[in-house]
Amino acid sequence: MPATVTGSAGRTGPGWWRSAVVYQVYPRSFADANGDGVGDLRGIREHLDHLEWLGVDVLWISPVYPSPMADNGYDVSDYHDVDPTYGTLAELDELIAELHRRGMKLVMDLVANHTSDEHPWFVESSSSPENAKRDWYWWRDEPNNWGSFFSGPAWTYCEGRAAYYMHLFTKKQPDLNWENPEVRQAVYEIMRWWLDRGVDGFRMDVVNLISKDPELPDAPVMPGQRYGNMRESVLDGPRVHEFLAEMHREVFDRYDRDLLLVGETGETTVEEGRKYTDPARRELDMVLHYEHVEIDHGTFKWDVRPFDVGRLRDRLAAWQEGLADVGWNSLYWDNHDQPRIVSRYGDDGRWRTESAKLLATVLHLQRGTPFVYQGDEIGMTNHPFASIDEVDDVEAVNYYHEAVAAGLEPEDVMASLRAMCRDNGRTPMQWDDSPGAGFTTGTPWLAVNPNHTEINVAAQYDDPDSVLSHYRRLIRLRHEDPIVADGDFTLLSDSHPQVFAFRRRHESGQLVVLANFSGAEADLGELAEECRGELVIGSGGGPVLSPWEARVYRR
Ligand code: NOJ
């Protein structure tokens, strides 16, 4: 049995994660110990002092399973091993043991909506219409009109089966058919196998897509689009809650230790979020929803629109209020699918440090479990991608070619990519100012951001005013102050043009957060009366907030 791990400032038992902070590593880009230009498990292990110093409780690693890497590991060809790019299973065991020794937990990414087309299940399923796994994936003689999330159609023809298979992402990521009980049992077996090995839970990739409308009806085609928008038939589908409850019974109910089950539930609603995370329903502990990271999307993500604090405040408050009496929020700005938050909702020029700290304060002071994505803690920014040749991500590359073929100017498409493409969040972690940013001694698989000479971990460690020191303070605050972990949430203004202000209240006291999301001074107006008590975060005073100033008062 794995060693007992407390984490989360020593809390155990149901809801232990309320005072916990999760740190996400994208293994490809975190630390490369063998100099081949790609991050690896040994690199992660060599940087655990950093995580321990920050105070994080849980490490989530994006997939390290064997994979053809059509989507950087979100296309798994073997769920019971480690891809040689990242190391070995023995090294993963060592990582688990070392994390546990330090009181931290490990959460694996579990990609179970789809597999790689090179997974033996799909190889068998696609071999003939008579094989035993013929219904493990979605096969049809004729495709419907659905488009995939990554451009192009959601169906590809397979010679071996003389039929089409469904893939909501790339054609190398066929969707598993969760209607088939054998598929579900096979997924549960994988989960138990990893839990028995010592991992402490899962972040389940696109888990609100696992149940499709079995009729697979044609979908409406939006203006200017070639394929149908399948969301209505696949998001939060008819049996998703039943499947997750079954998974809980078959997997989690069999373990008597503190585990974490996080679902990535893109484009889900507050109403569905309540269902997924209501402890009484025993489905998921928390969900990663998207609403607050789509504030700057137009009709679709490449159609970028200006940031609006009112929209952000509205969506964050809706989730805080919606999950106040049941369920639980996860709190995040960045991950490997998002451009860097400082470049989106902050100011990555003159006010980079101030805005990065403000964003951190606003996130960590909400009710929920914060997720820090590698590089957030030093205020990493978007990358100045000059041409499509510098971009790796399959979603961005597919979109670029589709958009240019449809007649858009390449430079306009590049402008969208610079703002929105996922590679912004995937450039190597900036450890120091050396040519490889301390990430690698070789040639990095994706270029290092040129600003690593100034923005890096080494430069921020000993500076008490750095973004890094600020993250450390916020994490400690969550561990030490029950108001942060357990207090309720009240929005203090729904109309201030620059300020996001809220109160957290608990039997032990109150915290008030006042944050100026702009590069101009903000007159607090009626909110000025909240400027009372001990200043826990920030150094100013008075009824006017400086550009990008955030204050936290305790009363
Ligand atoms: C969500 C993952 O976070 C993303 O990186 C991936 O491309 C899709 N799911 C498909 O697995």
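Order of appearance sets the numbers: ligands from 1, and atoms from 1 within every ligand. Starting from 1, each residue takes its place in the sequence as its number. These numbers come from the heavy atoms of this one structure, side chains and all, not from hydrogens, waters or symmetry mates.
Side-chain contact between Asn113 and Ile210: present, with at least one pair of heavy atoms (C-beta onward) separated by less than 4.5 Å. Side chains of Pro450 and His383 form a contact here, defined as non-hydrogen atoms less than 4.5 Å apart.
A pairwise comparison of heavy atoms in Ser116 and Phe122 identifies O-CB, 3.9 Å as the closest pair.
Counting protein heavy atoms only, atom 3 (O) of ligand 1 is closest to Asp337 OD2, 2.5 Å. Among protein heavy atoms, atom 9 (N) of ligand 1 sits closest to Asp205 OD1, 2.9 Å.
Ligand 1 places these atoms under 4.0 Å from at least one heavy atom of Asp71: 6 (C), 7 (O), 8 (C), 10 (C), 11 (O). Of all atoms in ligand 1, listed by their number and element, those nearer than 4.0 Å to a heavy atom of His114 are 10 (C), 11 (O). Taking every heavy atom of Arg422 and a limit of under 4.0 angstrom, the matching atoms of ligand 1 come to 4 (C), 5 (O), 6 (C), 7 (O). In summary, the atoms of ligand 1 found under 4.0 Å from a heavy atom of Arg426, numbered by their order in the structure, are 5 (O). When each atom of ligand 1 is checked for a heavy atom of His336 under 4.0 Å away, the hits are 2 (C), 3 (O), 4 (C), 5 (O). Per-residue contacts place Val206 under 4.0 angstrom from the following atoms of ligand 1 (heavy atoms of the residue considered): 1 (C), 9 (N).
Under the 30°/60° scheme for interplanar angles, the aromatic rings of Phe300 and Tyr399 are found to stand perpendicular. Ring geometry, Tyr65 versus Tyr79: the interplanar angle falls from 30° to 60°, so the pair is classed tilted.
No salt bridge links Lys212 with Glu179; every basic N to acidic carboxylate O contact stays at or beyond 4.0 Å.
By the 4.0 Å heavy-atom criterion, Gln338 is excluded from the residues contacting ligand 1. Ligand 1 has Phe150 within reach: a non-hydrogen atom of the residue lies less than 4.0 Å from it.
Relative to the six-membered ring of Trp445, Arg28 meets both conditions, a distance below 6.0 Å and an angle of at most 45° to the axis.
Counting heavy atoms under 4.0 Å from ligand 1, residue Glu264 touches it through the side chain alone. Residue-level proximity to ligand 1 for Tyr26 is absent, since no heavy atom of it falls below 4.0 angstrom.
Within 6.0 Å of CD in Glu124 there are more than 12 heavy atoms belonging to other residues, nucleotides or ligands.
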